[in-house]
Each structure stands twice: as C-alpha cells, then as structure tokens.
Trainee: 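Below is a structure I'd like to ask you about.
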Protein chains: 2
Amino acid sequence: MALAEAILVCLTERPMSGYDLAKNFDASIGFFWRASHQQIYRELGRLREKGYVLSEEVSQNGKPNRIIHTLTPAGKKALRDWSTKPAKHPSLKDDLLVKFYALENVDLDALKDQMTIRIEQHQTKLVKYVRIKERYYDGKDLDLTQKGKLIVLEQGILQESQTIERLEDMMVKLGNL
Amino acid sequence: MALAEAILVCLTERPMSGYDLAKNFDASIGFFWRASHQQIYRELGRLREKGYVLSEEVSQNGKPNRIIHTLTPAGKKALRDWSTKPAKHPSLKDDLLVKFYALENVDLDALKDQMTIRIEQHQTKLVKYVRIKERYYDGKDLDLTQKGKLIVLEQGILQESQTIERLEDMMVKLGNL
DNA sequence: GGTTAATATGCAACTATTTGCATAGATACA
DNA sequence: TGTATCTATGCAAATAGTTGCATATTAACC
C-alpha cells in the first residue's frame, strides 16, 4: 500500500497534523493519490506504531489541540526502501468508459450530460495546476525536491489538456451517431 | 459499485460463463475496469440473487461444467437506470508520481528503472489496442454498440501514445537534473 | 513420464476504501 | 439569533479489492 508512503512523502516537507495532511491530499499530492481524513488518521496511527512518525500534541487556545507528526529516521529509511520497489501500474476504473461499451443499453442523453460534467472537472483541475505552477514555480530557483514536484505538475497540466481534447472528440463522435 | 454493471455490460453482448467474463476483464473491458476471477464469481452470485442474471449449468465432456449467465430483462433495466446516474471521476492512485514528490528521499536510479518499465507497459497496451482496431473494426460496417466500443478504443490508443510521450519527457528531465 | 498451461469454479482471510456518525469551540455572515 | 464554515480529531459499519488456497480434467511439450 502506498497511502502510508504518500503520507511519509508529505512529511518530508515539514511536520504536519492529520488535518494538514488531509488538506494536502485535497491539493498537491492528492492530484494522483486521493485519501479521506478518516483514512489518514487511521494510517497515522499505524505509522506511529511502526515508529515511522513521532506524534506530539500541541495545545492551542480556542481551537482543539493539534497532533503534529514528524518523520523519524526510521520513516525516512522506509521511504527510501519503498522507492526502490517496483511501482504498480495504476488501476483504471472508469464508469464513463464502461457506459460506452453498451451504447444500445444506455441512455445517450444522460451519457452526454456526464461527459460535459467530466470535461468541466478536468478543466477545473487544469486551471488549478496552471495557477500553482505560476505562483510557486515559474522564475524561481528550485532545489531537487521542488524540481521533482514541478516535473509532475507539468505532466499533470499536459495530461489534463490532452484528456479534455480527447473527451471533446468523444462528445463530437457521440453527437454524430 | 460498477463491477456489477461492468459484468452486465459484458453480458449484453452474449451469455457467458464466469471464466469467459474473467477473460473479457483481461482484454476488452478490462482496459478500463480490471477485476480478478474471484471478484467476478462473487459478484455473479449477487447478480443472480437480485435476478439480474440467469445462471444455467451446461455439462461438457472432459472439462468441468460451465455455468452460463444470461442477462435478464430486470438486469437490462438495472443497466439503463445505472447509465443515467452520474459517473464518478476515476480515482487516481499512482505510486510512480508519488515518488517524484520527494526526489531527495528516493533512489533515483531505481526510479528511472521503474519509468522504463512503465513506458514498456504502455507500449504493450498501445500495440494491443491498435491490433484490435485493425482486426475487428477497420473497414467494417458497425452497429451502435460496436461504434461505442470503437470510440473508446480510439481514445485508448490516443491516450496510450500521449502517455508514453509524457513519460519519456519526464525521463529526460530526470536525466538532466 | 513429468511439467506446464488452459479450462472452470469457488471459499476464506486479509487489506483498503467509502460512508455515516460524533464531538466541539471559533468565526463570519445575514 | 440562527446558520454555515473552518478547525481538529476519530470510531464503526459497510463495501470493495487482493492474496492465498483448493479442486479437477485435458492437451501440449520436452
């Protein structure tokens, strides 16, 4: 499982609370690894038990206490070990494409609506990625870690625009049936 | 869940055994919905209980008996109902991209090897898709269902070649760090 | 003669993910 | 004054997916 590792990767940047991690999983790293806060809190418990993170409670006035998780040397080692193991190919599961496989048994108008929504979702993502690139990476001096993130960000931008093009092409074909 | 629906979609083509379905999930529909035979047999049991498929045992000499599953009218209706419901955006989970997010804590040579393997996997897929297109779709008269499959197949071919290009670009960037 | 692959089905255990619920103070808005 | 949102954590149940095992016959290959 790589949820554990995705969390460790986040913590290489800085110590964080579960809440911070959940927000990260909605933003940066969440672009290719999504996880709910419930999953993250549970996984943090496991990582603590293994000694990969150190968890310390910090009191705040007014707000509930935060528990800040710090990557330990053992955690860093686990991360490097994991990085050498073969990556699984991502499991594709797409409802929308399955629906194309039985066009005669499907509601075509509903399918078109779903395609429109899907295109909009990718456009939203694309805009988000471009903004992040402009704000945090363009014209800056970058260290190794930042360069890695930029590589992924740029591939994400390309991927999203290409996906939008393909989906629009499918829409046209669906309209011409 | 759409495993159930993916099975129903397969059965719109023709009645099949669990074994046939498992093979289909390794080939055509499996390009965007993967499932193991264990999962399929379990799901078939549920579909039978719901009355969405009719299961009949057929004896064969020599080989073990097959159980042929046929889509019922209720199953067909369930499929159409499902088709009108919003499609979820596919959940992205990619180890390989996560590894780029902590380049300083990762084994770079191992990462390059994994990139190479990933590129080869996509090339294999691309070749498979192109062959299927040539063999079963090029220059043929197609009905509505076949046209739907062709649309997905063509988008798959484009997707794979674009993915290969993006991965190769990432490899170059990784080499120039 | 022995090994491997293909055909054909399925249970059981484990791991992962999703969904619903629960708590509780602070702040902002209408 | 009520509603909504943000901060911050987590349990429990249900659903989904993976991995390991189990059985049994045929056919091809070395």
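Since the structure is predicted, the reported quantities are computational estimates derived from the model, not experimental observations. Throughout, protein chains are lettered first and strands after them, A, B, ... in sequence-line order, and every chain is numbered starting at 1.
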Trainee: Separation of B/I40 atom CD1 from C/dA8 atom P, in whole Å?
Mentor: 14 Å

Trainee: Could you state the atom-to-atom distance from CZ of B/R46 to P of D/dG17 in whole Å?
Mentor: 9 Å

Trainee: Whole-Å distance between D/dT18 C1' and A/H89 NE2?
Mentor: 13 Å

Trainee: Yes or no on side chain to side chain donor-acceptor pair (under 3.5 Å) for A/K99 and A/Q114, after CA distance, side-chain angles and deciding distance?
Mentor: CA-CA 10 Å; A/K99 288 174 185 179; A/Q114 290 170 49; 2.7 Å; yes

Trainee: Which is true for A/K88 with a 4.0 Å heavy-atom rule: it touches a base, it touches only sugar-phosphate, or it touches nothing?
Mentor: nothing

Trainee: Tell me, which of residues 76-83 of chain A have any heavy atom that sits under 4.0 Å from an atom in DNA chain D?
Mentor: none

Trainee: When Ile, Leu, Val, Met, Phe, Trp and Tyr are grouped by side-chain heavy atoms lying under 4.5 Å apart, directly or through other members, which residues fall in the same group as A/I67?
Mentor: none

Trainee: Does this structure show an ion pair linking B/E49 with B/R46, if we count only N-O contacts that are shorter than 4.0 Å?
Mentor: no

Trainee: Would you compute the distance between atom CG of B/L111 and atom CG of B/L96 and round it to the nearest 0.5 angstrom?
Mentor: 6.0 Å

Trainee: What's the CD1-C1' distance between B/I7 and D/dG17, to the nearest Å?
Mentor: 13 Å

Trainee: Expressed as a whole number of angstroms, how long is the span from B/D26:CG to C/dT7:C1'?
Mentor: 14 Å

Trainee: List every contact pair, protein side and nucleotides 21-24 of chain C side both N or O, where the distance is under 3.5 Å.
Mentor:
none

Trainee: Quick one: do A/D143 and A/K147 make a salt bridge, cutoff under 4.0 Å?
Mentor: no

Trainee: Are A/K133 and A/E154 ion-paired here, with the side-chain N under 4.0 Å from a carboxylate O?
Mentor: yes

Trainee: Anything under 3.5 Å between a donor and an acceptor, one on a side chain of residues 121-129 of chain A, the other on a protein residue two or more places apart or in another chain? List them.
Mentor:
residue, atom, partner, partner atom, Å
A/H122, ND1, A/E160, OE1, 2.5
A/T124, OG1, A/E120, O, 2.9

Trainee: Record whether the side chain of B/R66 comes under 3.5 Å of the base of D/dT25 through a donor-acceptor pair of N or O atoms.
Mentor: no

Trainee: I need the residues from residues 12-21 of chain A with at least one non-hydrogen atom less than 4.0 Å from DNA chain D; give them sorted by number, or say none.
Mentor: A/S17, A/G18, A/Y19

Trainee: Is A/Q39 near enough to C/dT18 that one of its side-chain N or O atoms lies under 4.0 angstrom from OP1 or OP2?
Mentor: yes

Trainee: Provide, to the nearest angstrom, the distance between the CD1 atom belonging to B/I67 and the P atom belonging to D/dT23.
Mentor: 19 Å

Trainee: Is there a side chain to side chain donor-acceptor pair (under 3.5 Å) between B/D113 and B/T116? Walk through the geometry before answering.
Mentor: CA-CA 5 Å; B/D113 292 344; B/T116 305; 5.3 Å; no

Trainee: Could you give all pairs that pass the side chain to side chain donor-acceptor pair (under 3.5 Å) test and reach residues 24-35 of chain B, with sequence neighbours left out?
Mentor: A/H89-B/R34, B/N24-B/S28

Trainee: In a table with atom names and distances, give each donor-acceptor pair under 3.5 Å that connects a side chain of residues 2-15 of chain B to protein atoms at least two apart or in another chain.
Mentor:
residue, atom, partner, partner atom, Å
B/T12, OG1, B/V9, O, 2.5
B/E13, OE1, B/K149, NZ, 2.9

Trainee: Whole Å only: how far is the CG atom of A/L47 from the P atom of C/dA16?
Mentor: 12 Å

Trainee: Show me the pairs that pass salt bridge (charged side-chain N to carboxylate O under 4.0 Å, His left out) and involve residues 68-91 of chain A, at least two apart or across chains.
Mentor: A/K77-A/D81

Trainee: Considering only Ile, Leu, Val, Met, Phe, Trp and Tyr, and joining two whenever side-chain heavy atoms are under 4.5 Å apart, list the other residues clustered with A/V58.
Mentor: A/I68

Trainee: Considering heavy-atom distances to DNA chain C, does B/L44 or B/K23 have its closest nucleotide positioned more toward the 5' end?
Mentor: B/K23

Trainee: From CH2 of A/W33 over to P of C/dT18, roughly how many Å is that when rounded to an integer?
Mentor: 11 Å

Trainee: So, does the side chain of A/R42 form a donor-acceptor pair with the base of C/dT18 at under 3.5 Å?
Mentor: yes

Trainee: State which residues pass ring pair (Phe, Tyr, Trp, His ring centres under 6.0 Å) with B/F32; sequence neighbours excluded, sorted by chain then number.
Mentor: A/Y101

Trainee: Of the options A/N176, A/L177, A/D169, which is the one that meets A/K173 in a side-chain contact (heavy atoms from CB on, under 4.5 Å)?
Mentor: A/D169

Trainee: With B/D107, which residues qualify under side-chain hydrogen bond (donor to acceptor under 3.5 Å, both in side chains), at least two apart?
Mentor: none

Trainee: Nearest heavy atom decides the nucleotide; on that basis, is B/I68 or A/L3 closer to the 5' end of DNA chain C?
Mentor: B/I68

Trainee: Whether B/K93 contacts C/dT17 is assessed here as follows: a side-chain N or O lying under 4.0 Å from the phosphate OP1 or OP2. Is that the case?
Mentor: yes

Trainee: For the helix from C/dG1-D/dC30 to C/dA30-D/dT1, what angle separates the axis at the start from the axis at the finish, each from five pairs, in steps of 10°?
Mentor: 30°

